[in-house]
Amino acid sequence: MTNRNTTFHILLAAQFALIAVSMLVNVKTGLFSMVLILLLTVICLIQLSNDKSTEWKRGQNLMTWLFIVWLLYYLMEIMNPNNVLEAWNINITPYVLIPLICAFVVPVVIRTKKDIELLLIVWSVFVIIFTLKGYWQKNHGFSAKDLYFLYALGGARTHIIWSGIRYFSCFSDAANYGVHAAMAAVTFAIASFFTASRWMRFYFLFVALCGIYGMGISGTRSAMGVLMGGMLMITIIAKNWKALLGGIFISISVFVFFYYTNIGSGNQYIYKMRSSFHPTEDASYLVRVENRQRMKELMARKPIGYGIGLSKAGNFNSKEQMPYPPDSWLIAVWVETGIVGLILYLAIHGVLFAWCSWILMFKVRNKNLRGLIAAWLCMNAGFFIAAYVNDVMQYPNQLTVYTGFALCFAAPYIDRRISEEKGEKDEETKEKELIIN
């Protein structure tokens, strides 16, 4: 593995390591994340510039241009009369910096199928760590730091509820942990079918089970959206009748189990997941619907929103504040950037999903490569379903999501390399046969 790979994999590992370290000490993840991203990205670019085999044109792709457009809109938000520069500065990392870095760097630096597998292995190590922490919370109790979050900072109000305890592992809250665990479950379950190594297949399945366990103990209903979205997406891009029929069968089975039966409702985690299929019976959902209607009335006179980072009242001293809390990431984007920003944001991601699906379906011939990258794209599909229900675009999910999109743009180059290597091997085999004959 060359330096260019090492640096990018360290960047991915560092993002997860900050979460793991937060088990022991208080870490300002936003600040440290931004510093690490900038530092390691600069190092990676320097190493790439010294590599004669670097093809910079790979970074000049549709995803890069789309997020340059989004960057221009983000810069325009400075002129919002309600803008608070501090909030604008803090949010530049998740809104713009991470998507742009992934769009440009990932297709340039990730050049082989092995590179993709190494990304998965790096992520898997931390999925296991997060699972062990969640297991420890459930079976051995909370640490002093966890108890401080629950009782001093008010976390108990949303984590120790009538249906039981929602465990949050190393994450900021149970919703963030549950969605991240579901993301891992989808990605590693699909990837396990497209690895050449038998031991890696079993290892990825184990990691997927860790993700399902974490999703369960978190009690996060929006995590079900990640699983369902991932299953539906793989049926679309699989280009395989067996996968299509299997995906449809599993999706229908899951829906029927949770919607039409009461099997397992005695278990608090199954009961919690089942309630996500009956939202109209949930009081908190009805409150959300009512709040969104009130928001709609206020947002009618805010076409460019209340300003970046100002969706939650009280965080910054702005001229005007949204009195109702956003209940999901997409609602937060709407409040902060207005209907203009939301339409642009949805259009960018809609184009990304369509273009990435087209690449995988028609531009990538190698089955295993297509499957490995499809695992990331299916995870993204599920993630954005959850993003409508919950505020899930939190640290460290951003880097994982946009790495998934960017890998699709790296796929045709990797596929071409695999074809060329296969062609060279075939030529060598023919030459040997001619010599023998």
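We number each residue from 1, following the sequence as shown.
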**Fill in**
So SG of Cys378 and CD1 of Ile234: to nearest 0.5 Å the spacing works out to 4.0 Å
**Message:** Using side-chain heavy atoms (C-beta onward) and a distance below 4.5 Å, is Ile385 in contact with Val226?
**Reply:** no
**Complete:** ring pair (Phe, Tyr, Trp, His ring centres under 6.0 Å) filter on Trp65, not counting sequence neighbours, yields none
**Message:** Taking side-chain hydrogen bond (donor to acceptor under 3.5 Å, both in side chains) as the definition, give me every residue that meets it alongside Arg301, ordered by chain and number, with sequence neighbours left out.
**Reply:** Glu320
**Fill in**
Taking every heavy atom of Ala223 against every heavy atom of Gly178, the minimum-distance pair comes out as CB-O, 3.6 Å
**Request:** Please name all residues satisfying salt bridge (Lys or Arg N to Asp or Glu O under 4.0 Å) with Glu117, sequence neighbours left out, ordered by chain then number.
**Result:** Lys113
**Request:** Quick one: closest heavy-atom pair of Glu55 and Val108, and the distance?
**Result:** O-CG2, 4.0 Å
**Asked** Quick one: side chain to side chain donor-acceptor pair (under 3.5 Å) pairs with a partner in residues 171-185, sequence neighbours left out?
**Response** Trp123-His180, Ser172-Asn176, Ser172-Gln394, Asn176-Asn397, His180-Asn397
**Message:** Determine whether Ser49 and Leu45 satisfy the following criterion, side chain to side chain contact (heavy atoms under 4.5 Å, CB included), listing intermediate values before the conclusion.
**Reply:** CA-CA 6 Å; Ser49 65; Leu45 290 172; over 6 Å; no
**Request:** Under the side chain to side chain contact (heavy atoms under 4.5 Å, CB included) rule, what do Ile217 and Tyr213 come out as? Steps first, then yes or no, please.
**Result:** CA-CA 6 Å; Ile217 65 172; Tyr213 174 80; 3.8 Å; yes
**Asked** Is there side-chain contact between Glu336 and Ser311, with heavy atoms separated by less than 4.5 Å?
**Response** yes
Exercise answer: donor-acceptor pairs, residues 401-408 side-chain atoms, under 3.5 Å, sequence neighbours excluded:
from	atom 1	to	atom 2	distance (Å)
Tyr402	OH	His349	NE2	2.8
Thr403	OG1	Leu399	O	2.6

**Prompt:** With a 4.5 Å limit on heavy-atom distance, are the side chains of Phe384 and Met393 in contact?
**Reply:** yes
**Fill in**
Heavy-atom nearest pair, Ile190 first then Gly371, reads CG2-O, 4.0 Å
**Asked** For atom CZ of Phe142, is the number of surrounding heavy atoms from other residues, nucleotides or ligands below 6.0 Å larger than 12?
**Response** yes
**Item:** Side chains of Thr54 and Arg111 in contact at under 4.5 Å (non-hydrogen atoms)
**Value:** yes
**Request:** Give every residue pair that meets the side chain to side chain donor-acceptor pair (under 3.5 Å) criterion with at least one member in residues 81-91, sequence neighbours excluded.
**Result:** none
**Request:** Walk me through it: do Leu132 and Ile128 pass the test side chain to side chain contact (heavy atoms under 4.5 Å, CB included)?
**Result:** CA-CA 6 Å; Leu132 289 173; Ile128 293 171; 4.2 Å; yes
**Prompt:** Looking at residues at least two apart in the chain, or sitting in another chain, which of them share a ring pair (Phe, Tyr, Trp, His ring centres under 6.0 Å) with Tyr306?
**Reply:** none
**Set of side-chain hydrogen bond (donor to acceptor under 3.5 Å, both in side chains) partners for Arg416, sequence neighbours left out** = none
**Asked** Can you name the residues that form a ring pair (Phe, Tyr, Trp, His ring centres under 6.0 Å) with Trp70, not counting sequence neighbours?
**Response** Tyr73, Tyr345
**Request:** Taking all heavy atoms of Ala191 and all of Leu120, pick out the closest pair and write down the distance.
**Result:** CB-CD1, 4.0 Å
**Request:** Grab the two heavy atoms, one from Leu227 and one from Ala185, that are nearest each other, plus how far apart they are.
**Result:** CD2-CB, 4.2 Å
**Asked** So, the side chain of Asn50 versus the backbone of Ile46: is there a donor-acceptor pair under 3.5 Å, distance only?
**Response** yes
**Request:** Would you mind reporting whether Lys296 and Met299 have side-chain heavy atoms less than 4.5 Å apart?
**Result:** no
**Request:** State the OH-CD1 distance between Tyr324 and Ile331, to the nearest 0.5 angstrom.
**Result:** 14.5 Å
**Request:** Mark yes or no for whether Ser192, through its side chain, and Ala189, through its backbone, hold a donor-acceptor pair below 3.5 Å.
**Result:** yes
**Asked** Is there a donor-acceptor pair closer than 3.5 Å between any side-chain N or O of Tyr395 and the backbone N or O of Gln15?
**Response** yes
**Request:** Quick one: closest heavy-atom pair of Ala387 and Val392, and the distance?
**Result:** CA-CG2, 3.6 Å
**Asked** Tell me, do Met322 and Leu310 make a side-chain contact under 4.5 Å, heavy atoms counted?
**Response** no
**Request:** Would you give the length of the straight line joining atom CD1 of Ile116 to atom CD1 of Ile121, rounded to the nearest 0.5 angstrom?
**Result:** 12.0 Å
**Asked** Okay, side chain of Asp391, backbone of Ala332: is any donor-acceptor separation there less than 3.5 Å?
**Response** no
**Counterpart residues, side-chain hydrogen bond (donor to acceptor under 3.5 Å, both in side chains), relative to Thr195 (two or more places apart)** = none
**Item:** Heavy-atom donor-acceptor pair, Ser218 side chain to Arg166 backbone, under 3.5 Å
**Value:** no
**Fill in**
Taken to the nearest 0.5 Å, the spacing of Leu377 CG from Ile236 CD1 works out to 9.5 Å
**Prompt:** Taking the six-membered ring for Trp, are the ring centroids of Trp358 and Phe409 within less than 6.0 Å of each other?
**Reply:** no
**Message:** What I'd like to find out is whether the side chain of Lys312 reaches to under 4.5 Å of the side chain of Pro325, using heavy atoms alone.
**Reply:** no
**Request:** Find out whether Asp115 and Phe8 are in side-chain contact, i.e. whether some heavy atom of one side chain is under 4.5 Å from a heavy atom of the other.
**Result:** no
**Atom CZ of Arg294 with >12 non-hydrogen neighbours under 6.0 angstrom** = yes
**Asked** Run the side chain to side chain contact (heavy atoms under 4.5 Å, CB included) check on Leu38 and Leu97 step by step: do they pass?
**Response** CA-CA 9 Å; Leu38 289 174; Leu97 195 61; 3.9 Å; yes
**Asked** Quick one: ring pair (Phe, Tyr, Trp, His ring centres under 6.0 Å) partners of Phe149, sequence neighbours excluded?
**Response** His159, Phe168
**Prompt:** Is a side-chain donor or acceptor of Asn61 paired with a backbone partner of Arg58 at a separation under 3.5 angstrom?
**Reply:** yes
**Prompt:** Are the charged groups of Asp415 and Lys367 less than 4.0 angstrom apart, N to O?
**Reply:** no
**Message:** I need the Ile308 CD1 to Ile92 CD1 distance, nearest 0.5 Å.
**Reply:** 9.5 Å
**Item:** Under the side-chain hydrogen bond (donor to acceptor under 3.5 Å, both in side chains) test, residues paired with Tyr388 that sit two or more places apart
**Value:** Arg292
**Enclosure of Lys145 NZ (heavy-atom neighbours >12, cutoff 6.0 Å)** = yes
**Asked** Would you find a donor on one side and an acceptor on the other, under 3.5 Å apart, between the side chain of Thr337 and the backbone of Ile304?
**Response** no
**Item:** Interatomic spacing from CD1 in Ile101 to OG1 in Thr64 - rounded to 0.5 Å
**Value:** 11.5 Å
